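Working notes, structure below.
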Amino acid sequence: MAEPDFRAPKGTRDILPAESGRRRALVDVFARRAELAGFGEVVSPMFEDLGVFKRLGEDTDVVTKEMFDFFDKGDPPQHLALRPELTAGICRAYAEHRPVPPWKIWYEGPQFRYEQPQAGRYRQFTQVGVEVLGADDPQADIDVLALGWSFYESLGLGQVRLLLNSLGDPGSRPAYMEALGAYLEARSGDLTDQSRVTLERNPLRVLDSKREGDQTVIADAPLMVDFLSGDAAEHFRVVRSGLDGLGIAYEMSPRLVRGLDYYTRTIFEFAADALPGAQNAVGGGGRYDGLVEDLGGPPTPGLGFALGVDRILLACDAEGVFPGPPPAVLVFVVDVTGGGSALSMCQKLREAGIGADRSYGGRSMKAQMKVADRSGARLAAIIGEDEVAAGEVTIRDLRGDAGQRRVPLDMLVQEVSEFVPGPN
RNA sequence: GUGGGCGUAGCUCAGUUGGUUAGAGCGCCUGGUUGUGGUCCAGGAGGCCGGGGGUUCGAAUCCCCUCGUUCACCCCA
């Protein structure tokens, strides 16, 4: 095949009509549910000062090797980066605008990570998410978890599991880190080379290894849940009983950690069993009580989640749920008299709120009917010599068994409306 | 960044001891006389076999490089 001169950059892709409509519908479902729960949308920049993202953790992969960064044309130039996630930017916005807490916001948009692409993993991908800033109450955790859970449910997904853990608070973390570090050091001979490197930088993340060779060591490692301070343990207990009360099934996942360093206390992940293991994380989040302060704002507890739109759609495919929206075009105008009538008829229908389309190029009736069928339109409105002479139009049912009939041209909108209640 | 698979018409793919004008299905276009789609029938358009180099009398078919894609690791959504 002759290569085109250009193609979408590695790890990016074009989302074409049928798929794009489905995607927008999915975001609309999320937006609706978030707004019903009192969240307002924030649209923030797609790039920020690199420093904003460095607060995610100086030795996380996202910061050290996956950032799309660049300098602007200022003097001196500013070091900027495309956002690899949205939480940091939202916290930056909170510190900048100081809204009255609790600040409950939702967002949607593309994120960028310079990674090796594979199925369900792109260099540009879309997330929807929420954040709650300024609420320490464990009921906020429950509310957020319930929103995520119900979103998956509302799409029709049945094979999503909620994995839950607590990473403890600043009071309880050090003792655990010490115990974990000591244990892993003692067993380092049994770890893979890669995990020994990870151990140097962040022992916690060794628990996240999927390598065979690490599993026996990980299985016997001390667990954070056994080291929680009184406050952290109580917070976690309230969160769990709240989920129980709402009938939300969750799995305790005591070795669950997250790839970004800012998390504290409650953390969670949504795993889609319909997807292969490497990409089954369709959402995740947790508390990050210190992040706003790290960015120069007031001490502010926070929590939230981000859900991967691309992967959720893959999971919907795998489960055969959430089909795209029906075609917006209700009437396809077939005009074999030159196209002038199609022009005015479409205009009239559209102004009445009825989706209408037609073909171009003065094709034969047979060809136009074919296009009408393919368009997914429910009805064909046919204009030929006879109709023009009589001042009429033929309305034909393309989907049901209502056949066809001729009606006065000026009754078109009314006649069409009778087929389907309401505009569209 | 590391390792494996794959790369032939718009799509899904055939095409082995390397040898005449490279195939199928789907899709698309045009027809099947007297205005009508979804089924059926017949024609047709559309590929320098991802790109570059090499081996050979001759390569889609062998070798190298490169790009893309895919899977796993890493990490995450």
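A, B, ... follow the sequence lines: proteins, then strands. Residue 1 opens every chain. Just so you know, these numbers come straight off a predicted model, no measurement behind them.
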Reading 5' to 3' through nucleotides 38-43 of chain B, protein heavy-atom contacts under 4.0 Å coded B for base, S for sugar-phosphate only, - for none: S-----
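Side-chain contact, Trp106(A) with Glu131(A): no donor N or O sits under 3.5 Å from an acceptor N or O.
Scored by the ring-ring contact (aromatic ring centres under 6.0 Å, His included) test, Tyr263(A) finds no partners at all (sequence neighbours excluded). Here Phe112(A) pairs with nothing under the ring-ring contact (aromatic ring centres under 6.0 Å, His included) rule; sequence neighbours left out. The side-chain contact (heavy atoms from CB on, under 4.5 Å) check on Ala146(A) picks up Leu246(A), Ile248(A), with sequence neighbours excluded. Under the salt bridge (charged side-chain N to carboxylate O under 4.0 Å, His left out) criterion, Arg311(A) pairs with no residue at all, not counting sequence neighbours. Remark: Ala88(A) engages Val52(A), Phe53(A), Leu56(A), Glu85(A) in a side-chain contact (heavy atoms from CB on, under 4.5 Å) (not counting sequence neighbours). The salt bridge (charged side-chain N to carboxylate O under 4.0 Å, His left out) test applied to Asp410(A) returns no partner, not counting sequence neighbours. Partners of Arg33(A) according to the salt bridge (charged side-chain N to carboxylate O under 4.0 Å, His left out) rule, which considers only residues two or more places apart in sequence or in another chain, do not exist here.
Each ring pair (Phe, Tyr, Trp, His ring centres under 6.0 Å) pair with one or both residues in residues 134-164 of chain A, not counting sequence neighbours, appears once here: Phe30(A)-Phe151(A), Tyr152(A)-Phe270(A). For residues 341-388 of chain A, there are no ring pair (Phe, Tyr, Trp, His ring centres under 6.0 Å) pairs, not counting sequence neighbours.
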Between the protein and nucleotides 67-71 of chain B, are there any N/O to N/O pairs under 3.5 Å, and if so, what are the atom names and distances?
unit_1	atom_1	unit_2	atom_2	d
G68(B)	O2'	Arg7(A)	NH1	2.7
C71(B)	OP2	Ala119(A)	N	2.2

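Only the P atoms considered, A59(B) is 14 Å distant from A22(B), to the nearest whole Å.
Taking a pair as Watson-Crick or G-U wobble with both distances under 3.5 Å, RNA chain B forms stems of 3 or more consecutive pairs at B:1-7 with B:67-73, B:10-13 with B:23-26, B:28-32 with B:40-44, B:50-54 with B:62-66.
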